[in-house]
Amino acid sequence: MITTAIREAEQIERSRTAADREARAAVAAKDSPKTMMENLRNIGIIAHIDAGKTTVTERLLFYTGKTYKIGEVHEGTAVMDWMEQERERGITITAAATTCHWREHRINIIDTPGHVDFTVEVERSLRVLDGGVVVLDAVAGVQPQSETVWRQANKYNVPRICFVNKMDRVGANLPRTIAMIRERLNGDPVLIQLPIGNEANFRGVIDLVEMRAWLFPEERGEDLIEAPVPAELADAAASAREEMIENVAEVDDHLMAFYVGGKDISSEEIKKALRRTTIAAKRVPVLCGAALRNKGIQPLLDAVTDYLPSPLDVPPIKGIDPRSGKEITRDPEPHAPFTALAFKIVADPFVGKLAYIRVYSGEAKTGVMVLNSMRDQKERIGRLLQMHANRREEIPEISAGGIAAVVGLKNTLTGDTLCAPHSPILLESITFPEPVISVAIEPKTKADQDKLGETLSRLGEEDPTFKTRYDIETGQTIISGMGELHLEVLVERMFREFKVEANVGKPQVAYREAITQKATAESRFVRQTGGRGQYGHVIIEVEPLGRGKGYEFVDGVRGGDIPREFIPAAAAGIKEAAETGVLAGYPIVDLKVTLTGGSYHEVDSSELAFRTAGSMALKTAIHKAKPVLLEPVMRLEITTPEQFLGEVLGDISSRRGHIESMDAQGKTGVVRCLVPLADIFGYATDLRSLTQGQATYSMEFDHYQEVPSAVAAQIIGKKS
């Protein structure tokens, strides 16, 4: 029995003593930037909202000696959720960085948001991280945002491990969660732990690599109890271990040689094979625990150091030489030329503009000059800060593999490359989704009007998915974001941080316009005055691109029809015109424009003339190309008791929704569907009314699609 195992374990020396914790804290206190890179881990904690990311991170900090009190999300005391809005709502809004130490390893952690409105924080964090910990809910399994963050990790080839959280909750089902990783995430999970007990009786795990049990005391869980594998679970553990080895051997030739040869396989060989297959993204180790009850965190820390990569284990960063256009690579060496990527900008009220950077090669010290190769401008590093959420510690230098914040970079934005001036390189920038929802905002007083522009500019620097434009027709300032919560938080920040009072309108859908066929057009801009005139003549061809392809300009001028110095001006005029469509004034997307020809006047031609001609030509071409209106479509996953399933399905149909699938989980139904954003405003209230408050849903942007003609006519009529 398990109770017998506990009694036996009382005779075994505890693995985590107070002396161990003091030693770890002493290591943390040294915190040298010269920490060996093979012992460095840059990881992100990623998951669906409410899966327990921040709770896991708070425990990681406590057990590594970084903090001496466990912060709780539900109490508003979480260290990583430091913004007022985060503590009020109990959710993570902005990615927070920190550093801790475990087993002589230094771990840089970024705790990311789970809400889809703040997916930009996950995107830019994964761009610079070497590994990820995906937190899954043992009851809900793989949820919609779990799929989103998994796709983002795939996009950047980030190796990951999974931590199945909330094993102590009623309905926790580890085998079902692993099956969902295979089916919904198309992942290759390998279970490296077995739970001891389930739901309320969950009290420990069996380490299948070492074949030993770890039992978690009911207190704060600081001192794990090492114990033999309980007798009643011995057969299940032996079978699971055999399955684990076979699973890993399938994709690891070295382990396969041991396995086929019938040799005894040591735990060290298994760890090495797990590390190789994890870094190669061929397998995903799966652990389990209950973070809120302080169970399973120390084994998770061990797995982070054992299986996730160091900066030396990932391929060298590749970039472009801005002078020659050739591809170059930079090895993660401290003595290589300095190369870093700015992945996050923060407007700090105390120190000004903070730029978070990940250093890929070389090192930088306070006061040195670096080159922003994206903008071809030199910047001076004023101060270097090691961040712990919103607290900061000044450091003298940063080396390859490090993550820190820089003060003093005036012109650097998210996605910019910083490098040594004598050895320039341009790294691939970060791409962000377009906003799907807008509101009008106007200042309350003249003083607020002066501050509003500066505030919107600073918020736009921080958040690339936050856009601002001025509507000439209505005279309003329009702000756009990824969702209602996203804009609500940004408006609150205006009030609280920047002290700007403003009136905010109701949310509006961010429609787009697109063309459906090819067309050509030409335009002459001719002005004759008493002195020098204006002359610009362009011929263009427009054609539709696939959905989500954006905008593309091609210079197809041959034979000197237009001098080279006027082509950028024509391109600028065309792109500027594409920002205001011909149907209802919405931006034109998924558009390819080819400048095929034109003519010029030796005296009267100017950049202004060609810019104007390009703008006029595009408007003419768009009219010919049968433009249509596009609307954002959201992907919803609704969880509802079975008795309300009919009402929910009927309501979705009335909102022009398309049902994709329905699954049953016990007496609960899960509906996955696509619904236009215009018909989903206020859905939370309606869903509660339909289901007596028992249903929940999650929503994320999926794609743009053509608006039905009848609906489009109404929208265009309102704008005209």
Quiz item: Short question: side chain of Ser606, backbone of Ala609 - any donor-acceptor pair under 3.5 Å?
Solution: yes
Self-check item: Note, Pro464 side chain near Arg124 side chain (heavy atom, < 4.5 Å)
Solution: yes
Practice problem: Please round to the nearest 0.5 Å and tell me the distance separating atom CD1 of Ile345 and atom CG of Leu409. | Solution: 7.5 Å
Quiz item: Quick one: does Leu452's side chain get under 4.5 Å of Met494's, heavy atoms only?
Solution: yes
Quiz item: Are Met662 and Ile659 close enough, and set up right, to give a side chain to side chain contact (heavy atoms under 4.5 Å, CB included), and what steps lead you there?
Solution: CA-CA 8 Å; Met662 290 185 292; Ile659 308 295; 4.2 Å; yes
Exercise. Say whether, by atom type as modelled, one donor and one acceptor occur between the side chain of Glu541 and the main chain of Ala519 under 3.5 angstrom.
Key: no
Self-check item: Residues Lys518, Thr594; criterion side-chain hydrogen bond (donor to acceptor under 3.5 Å, both in side chains); working and verdict
Solution: CA-CA 11 Å; Lys518 282 187 177 182; Thr594 305; over 6 Å; no
Self-check item: Whether Thr468 side chain and Ile479 backbone form a donor-acceptor pair below 3.5 Å
Solution: no
Quiz item: Cationic tip of Arg160 within the cone over Trp150's six-membered ring, i.e. under 6.0 Å and within 45° of the normal?
Solution: yes
Quiz prompt | Selection residues 533-553 - residue pairs positive for ring-ring contact (aromatic ring centres under 6.0 Å, His included), sequence neighbours left out | solution = none
Quiz item: Do Arg358 and Asp130 sit within salt-bridge range, that is, some charged N less than 4.0 Å from a carboxylate O?
Solution: yes
Quiz item: Is the side chain of Ser146 donor-acceptor paired with the backbone N or O of Val142 at a distance under 3.5 Å, no angle test?
Solution: no
Practice problem: Without swapping roles, check the side chain of Gln145 against the backbone of Ile49 for a donor-acceptor pair under 3.5 Å. | Solution: no
Quiz prompt | Any donor-acceptor N/O pair, Ser457 side chain to Gly453 backbone, under 3.5 Å | solution = no
Quiz prompt | Leu649 and Val671, any side-chain heavy atoms less than 4.5 Å apart | solution = yes
Practice problem: Mark yes when over 12 heavy atoms from residues, nucleotides or ligands other than Tyr600 sit less than 6.0 Å from its OH; otherwise mark no. | Solution: no
Practice problem: Go through the steps for Lys344 and Thr414 under the test side chain to side chain contact (heavy atoms under 4.5 Å, CB included), then give the verdict. | Solution: CA-CA 5 Å; Lys344 181 179 171 73; Thr414 300; 5.6 Å; no
Quiz prompt | Partner set under side-chain hydrogen bond (donor to acceptor under 3.5 Å, both in side chains) for Gln152, not counting sequence neighbours | solution = Thr119, Glu123
Quiz item: Do side-chain atoms of Thr596 reach the backbone of Ile539 as a donor and acceptor pair under 3.5 angstrom?
Solution: yes
Quiz item: Do any N or O atoms from the side chain of Thr580 and from the backbone of Ala577 form a donor-acceptor pair under 3.5 angstrom?
Solution: no
Quiz item: Going by heavy atoms in the side chains, are Asp321 and Ile425 under 4.5 Å from each other?
Solution: no
Self-check item: Separation of Leu636 CG from Leu674 CG (nearest 0.5 Å)
Solution: 8.5 Å
Exercise. Compare every heavy atom of Ile437 with every heavy atom of Pro507, then report the nearest pair and how far apart it is.
Key: CB-CD1, 3.6 Å
Practice problem: Write down the atom of Arg655, the atom of Phe681, and the distance for their closest heavy-atom approach. | Solution: NH1-O, 4.5 Å
Practice problem: Could you pull out the closest heavy-atom pair between Pro627 and Val582, with the gap in Å? | Solution: CG-CG2, 3.8 Å
Quiz item: Are a donor atom and an acceptor atom from the side chains of Thr148 and Glu700 found within less than 3.5 Å of each other?
Solution: yes
Quiz item: Is Leu618 close to Ile540 at the side-chain level, that is, under 4.5 Å between some pair of heavy atoms?
Solution: yes
Quiz item: Would you find more than 12 non-hydrogen atoms of other residues, nucleotides or ligands less than 6.0 Å from Lys410 atom NZ?
Solution: no
Exercise. Check Arg330 against Ser361 and note the closest heavy-atom contact, atom names and distance.
Key: CB-OG, 3.6 Å
Side chains of residues 561-576: which donor-acceptor partners sit under 3.5 Å, not counting sequence neighbours?
from, atom 1, to, atom 2, distance (Å)
Arg564, NH2, Asp555, OD2, 2.3
Glu576, OE1, Arg611, NH2, 3.0

Quiz item: Can you list the steps and then say if Ile403 with Ile357 is a side chain to side chain contact (heavy atoms under 4.5 Å, CB included)?
Solution: CA-CA 6 Å; Ile403 293 176; Ile357 64 169; over 6 Å; no
Quiz item: Heavy atoms, side chains only, cut-off 4.5 Å: are Tyr697 and Ile680 in contact?
Solution: no
Quiz item: Does Thr639 have any side-chain hydrogen bond (donor to acceptor under 3.5 Å, both in side chains) partners at least two apart in sequence or in another chain, and if so, which?
Solution: none
Exercise. With sequence neighbours excluded, tell me which residues meet side-chain hydrogen bond (donor to acceptor under 3.5 Å, both in side chains) with Asn411.
Key: Gln377
Self-check item: Salt-bridge criterion met for Glu461 and Lys353 (N-O under 4.0 Å)
Solution: yes
Quiz item: If you measure from CZ on Arg151 to OH on Tyr156, what distance do you get to the nearest 0.5 Å?
Solution: 13.5 Å
Quiz item: Do any N or O atoms from the side chain of Lys53 and from the backbone of Asp111 form a donor-acceptor pair under 3.5 angstrom?
Solution: no
Exercise. Decide, yes or no, whether a salt bridge links Glu484 with Lys506 under the criterion of side-chain N to carboxylate O below 4.0 Å.
Key: no
Quiz item: Under a 4.5 Å cut-off applied to non-hydrogen side-chain atoms, are Leu595 and Val554 in contact?
Solution: no
Self-check item: Euclidean distance, Gln517 CD relative to Glu543 CD, rounded to 0.5 Å
Solution: 12.0 Å
Quiz item: So, do Val120 and Met482 sit near enough that their side-chain heavy atoms are less than 4.5 Å apart?
Solution: no
Quiz item: About how many Å separate CG of Asp463 and OG1 of Thr465, when rounded to the nearest 0.5 Å?
Solution: 3.5 Å
Quiz item: Could Arg184 and Glu147 be called an ion pair, given the rule that one side-chain N must be under 4.0 Å from one carboxylate O?
Solution: yes
Quiz item: Minimum heavy-atom separation for Ala51 to Val135, with atom names?
Solution: O-CG1, 3.5 Å
Quiz item: Out of curiosity, Asn186 CG to Asn154 CG, how far, rounded to the nearest 0.5 Å?
Solution: 8.5 Å
Exercise. Kindly indicate, with the supporting measurements, whether the criterion side chain to side chain contact (heavy atoms under 4.5 Å, CB included) is fulfilled by Val406 and Leu354.
Key: CA-CA 6 Å; Val406 181; Leu354 280 178; over 6 Å; no
Exercise. Please say which of Thr412, Thr417, Asp416 ends up in a side-chain hydrogen bond (donor to acceptor under 3.5 Å, both in side chains) with Arg375.
Key: Asp416
Could you list the donor-acceptor pairs under 3.5 angstrom formed between side-chain atoms of residues 628-635 and any protein atom two or more places apart in sequence or on another chain?
from, atom 1, to, atom 2, distance (Å)
Glu631, OE1, Arg656, NH2, 3.1
Glu631, OE2, Arg656, NH1, 2.8
Glu631, OE2, Arg656, NH2, 3.4
Arg635, NE, Asp702, OD1, 2.9
Arg635, NH1, Glu660, OE1, 2.4
Arg635, NH2, Asp702, OD1, 3.0

Quiz item: With no hydrogens and no angle check, is any side-chain donor or acceptor of Glu327 less than 3.5 Å from a backbone partner on Gly319?
Solution: no
Practice problem: Could you tell me which non-hydrogen atom of Phe466 sits nearest to which non-hydrogen atom of Leu456, and how far apart they are? | Solution: CZ-CD2, 3.8 Å
Quiz item: Between Asp590 and Arg512, is there a side-chain N and carboxylate O pair less than 4.0 Å apart?
Solution: no
